[in-house]
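One-based numbering along the sequence shown. Side chains are part of it too, since the values below use all heavy atoms of this structure and drop only hydrogens, waters and symmetry mates.
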Amino acid sequence: MLAEILTGLSGLTEGVQFLFTLGGLKNVAMLLIAGVLLYLGVKKEVEPLLLVPIGFGCLLANIPMSELMHQGIDSGARQVFDIIGAPDAAKALMKEDTGFLRLLYNAGIANELFPLLIFIGIGAMTDFGPLLENPRILLFGAAGQCGIFLTLLLALALGFPYLQAVSIAIIGACDGPTAIYVAAQYAPELLGPISVAAYSYMALVPIIQPPIMKALTTHKERTTRMPKVERSVSPNVKLAFPVVVTIVTGLIAPKGLPLMGAIMLGNFMREAGVVARLTKASENEIANIATLFLGIAIGATMGAEAFLKPTTLAIFALGFVAICLDTVVGVLFGKLWYLLSGGKINPLIGAAGISAYPMAARVVQTQGQRYDKHNFLLMHAMGANTGGQIGSVAAAAVMLSVLKGMGLI
């Protein structure tokens with residue numbers, strides 16, 4: 001009995017001993033990163049709904065000997081082992097995926113379920129009315145995605161493979177679920193850093209954008225007042241909009257249809273008004289549960305060996321460049337429209353063309369009132385912001401369809 005107890009105690013110390021090895025020091029570094037994420041989420045309230053579960057998932061995944069991300073051998077490989085007559089010792093190693101975090105990952109990340117559930121909730125919470133009031137403002141949403149394509153070219157120039165480059169560039173959409181969806185499907189080895197970068201930069205939009213907005217515009221441009229948005233869109237138009245967008249996306253870029261279809265399903269339920277219970281569940285319970293499991297599963301991918309690489313730093317740098325380029329192109333497009341309209345369009349609205357909804361619109365409103373307290377840009381910015389929401393998904397859909405045409409996916 002005493003020998004068995006001592007054997008058990010020696011097993012308990014293996015984890016502690018491992019921490020003092022080279023591999024263990026990497027785990028310690030990741031535990032510190034997990035602590036930083038939890039600190040940012042709890043104390044600084046930086047995207048807490050995502051950073052808290054991501055941080056805790058990272059914590060669990062990097063505790064030595066936990067095997068929470070254990071990955072077994074799939075059924076196909078097991079059949080091959082049976083056919084070739086693998087020895088019993090080898091068969092004993094053929095375990096199913098048993099780790100708690102691995103099961104979560106397989107249940108909602110590997111098959112893209114969690115991001116799509118969140119998109120249904122986003123659609124249920126999004127009012128496309130301001131966009132439909134002035135459809136031309138959708139162009140701001142298109143301009144706000146240029147950073148994605150410019151960053152794609154930069155990533156390719158740095159030597160990233162096509163699929164990885166596309167996944168990194170999508171950070172520029174400033175849309176966490178879109179970045180997760182693309183990375184999980186086409187660059188799962190980069191899912192952890194891409195997810196953390198996407199949500200971190202979303203939270204930093206109020207810090208990143210204002211200096212760029214000020215540097216690129218004049219005082220006269222920033223104080224341009226725009227007319228009040230009139231509520232004139234009929235319910236039938238708002239109801240038809242998600243259906244039309246879904247059909248058009250399916251015809252033009254079918255690879256992006258799951259993303260666009262999910263967000264438009266949520267919006268259709270919102271505008272239909274006859275499934276209030278489903279709409280409420282999509283906005284709240286379903287979205288909250290999916291967000292929790294999504295965050296934990298993403299954190300689980302942040303193992304020391306996968307995360308502590310020079311590639312991670314490059315991803316964060318390229319993500320920052322993408323967000324900055326989105327803002328620059330959006331504001332410059334706003335300046336062009338300002339000139340073409342004879343000074344009737346405030347260029348600051350261009351900064352809302354990204355998909356950080358509704359954060360980017362609030363930044364535009366705050367900056368507009370900073371220079372003129374009686375300047376109300378929120379509704380116009382919301383139109384551009386909802387355009388950016390659609391634009392980010394459309395950009396991802398187009399890129400995936402191009403990759404399919406190239407035979408890469």
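The CG atom of Leu257 lies 7.0 Å from the OG1 atom of Thr246; values are rounded to the nearest 0.5 Å. Taking CG from Leu104 and CD1 from Ile298, the interatomic distance works out to 11.5 Å, rounded to the nearest 0.5 Å. Rounded to the nearest 0.5 angstrom, Ile54 CD1 and Leu49 CG are separated by 11.0 Å. Distance check, rounded to the nearest 0.5 Å: CG of Leu103 to CG of Leu68 gives 10.0 Å. The CG atom of Leu31 sits 11.0 Å away from the CG atom of Leu25 when rounded to the nearest 0.5 Å. In this structure, Met379 CE and Ile349 CD1 are separated by 11.5 Å, a value rounded to the nearest 0.5 Å.
The two residues Gly176 and Met202 come nearest to each other via the heavy atoms N-SD, 3.4 Å. Here the shortest heavy-atom pairing between Ala179 and Ala198 reads CB-CB, 4.0 Å. Residue Ala297 comes nearest to Ile109 through the heavy atom pair CB-CG1, 3.6 Å, listed as atom of the first residue, atom of the second, then distance. Listed here is the closest heavy atom pair of Ser200 and Val196: OG-O, 2.6 Å. Nearest heavy-atom pair, Ala262 versus Leu116, reported as atom, atom and distance to 0.1 Å: CB-O, 3.6 Å. When all heavy atoms are compared, the tightest approach of Asn375 to Arg222 is ND2-O, 3.6 Å.
Summarising the local packing, CZ of Phe320 is surrounded by 12 or fewer heavy atoms from other residues, nucleotides or ligands at distances under 6.0 Å. Atom CZ of Phe56 sits in a sparse spot, with 12 or fewer heavy atoms from other residues, nucleotides or ligands closer than 6.0 Å.
With contacts defined as side-chain heavy-atom distances shorter than 4.5 Å, the pair Cys146/Leu325 does not qualify. Using a 4.5 Å cut-off on side-chain heavy atoms (C-beta onward), Lys26 and Phe307 make no contact. Using a 4.5 Å heavy-atom threshold, the side chains of Leu59 and Leu37 count as separate. Taking the side chain as every heavy atom from C-beta outward, Ile122 and Ile118 approach each other to under 4.5 Å. Using a 4.5 Å cut-off on side-chain heavy atoms (C-beta onward), Thr217 and Leu348 make contact. Met264 places none of its side-chain heavy atoms less than 4.5 Å from the side chain of Thr249. Phe241 places a side-chain heavy atom less than 4.5 Å from the side chain of Leu131. Between Pro188 and Thr301, the closest side-chain pair of non-hydrogen atoms is not below 4.5 Å.
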Mind listing the side-chain donor-acceptor pairs of residues 359-367 below 3.5 Å, one per line with the distance, residues two or more places apart or on another chain?
from	atom 1	to	atom 2	distance (Å)
Gln365	OE1	Leu377	N	2.9
Gln365	OE1	Leu378	N	3.0
Thr366	OG1	Arg362	O	2.9

Review item, side-chain donor-acceptor pairs of residues 387-398, under 3.5 Å, at least two apart:
from	atom 1	to	atom 2	distance (Å)
Gln389	NE2	Asp175	OD2	3.3
Gln389	NE2	Ser355	OG	3.3
Ser392	OG	Asp175	OD2	3.2
Ser392	OG	Ser355	OG	3.3
Ser392	OG	Gly388	O	3.4
Ser392	OG	Gln389	O	2.9

Using distance only, find each side-chain donor-acceptor pair of residues 159-168 under 3.5 Å and give its atom names and separation, not counting sequence neighbours.
from	atom 1	to	atom 2	distance (Å)
Gln164	NE2	Glu189	OE2	2.7
Ser167	OG	Leu163	O	2.9

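Aromatic ring pairs are classed by plane angle as parallel below 30°, tilted from 30° to 60° and perpendicular above 60°; the pair Tyr201 and Phe316 is perpendicular. Between Phe293 and Phe114, the angle of the ring planes lies from 30° to 60°, which puts this pair in the tilted group.
Under the 3.5 Å distance criterion, the side-chain polar atoms of Asn385 are left unmatched by any main-chain donor or acceptor of Ala381. Remark: side-chain polar atoms of Gln145 are paired, donor with acceptor, to backbone N or O of Gly353 under 3.5 angstrom. Using a distance-only test at 3.5 Å, with no hydrogens or angles considered, a donor-acceptor pair links the side chain of Asn62 to the main chain of Met302.
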Dump the intermediate steps for side chain to side chain contact (heavy atoms under 4.5 Å, CB included) on Ile263 and Ile120, then the final yes or no.
CA-CA 5 Å; Ile263 193 171; Ile120 294 175; over 6 Å; no

Go through the steps for Met260 and Val248 under the test side chain to side chain contact (heavy atoms under 4.5 Å, CB included), then give the verdict.
CA-CA 10 Å; Met260 191 68 80; Val248 172; over 6 Å; no

Carefully, step by step, assess Phe268 and Val245 under the rule side chain to side chain contact (heavy atoms under 4.5 Å, CB included).
CA-CA 11 Å; Phe268 184 82; Val245 171; over 6 Å; no

Go through the steps for Val243 and Ile247 under the test side chain to side chain contact (heavy atoms under 4.5 Å, CB included), then give the verdict.
CA-CA 6 Å; Val243 175; Ile247 293 173; 4.0 Å; yes

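Annotation: side chain to side chain donor-acceptor pair (under 3.5 Å) contacts of Asp372 (sequence neighbours excluded): Arg225.
Listed by first and then second residue, the side-chain hydrogen bond (donor to acceptor under 3.5 Å, both in side chains) pairs involving residues 324-350 are Gln209-Thr327, Glu221-Lys335 (not counting sequence neighbours). The side-chain hydrogen bond (donor to acceptor under 3.5 Å, both in side chains) contacts involving residues 259-283 comprise nothing, where partners must be two or more places apart or lie in separate chains.
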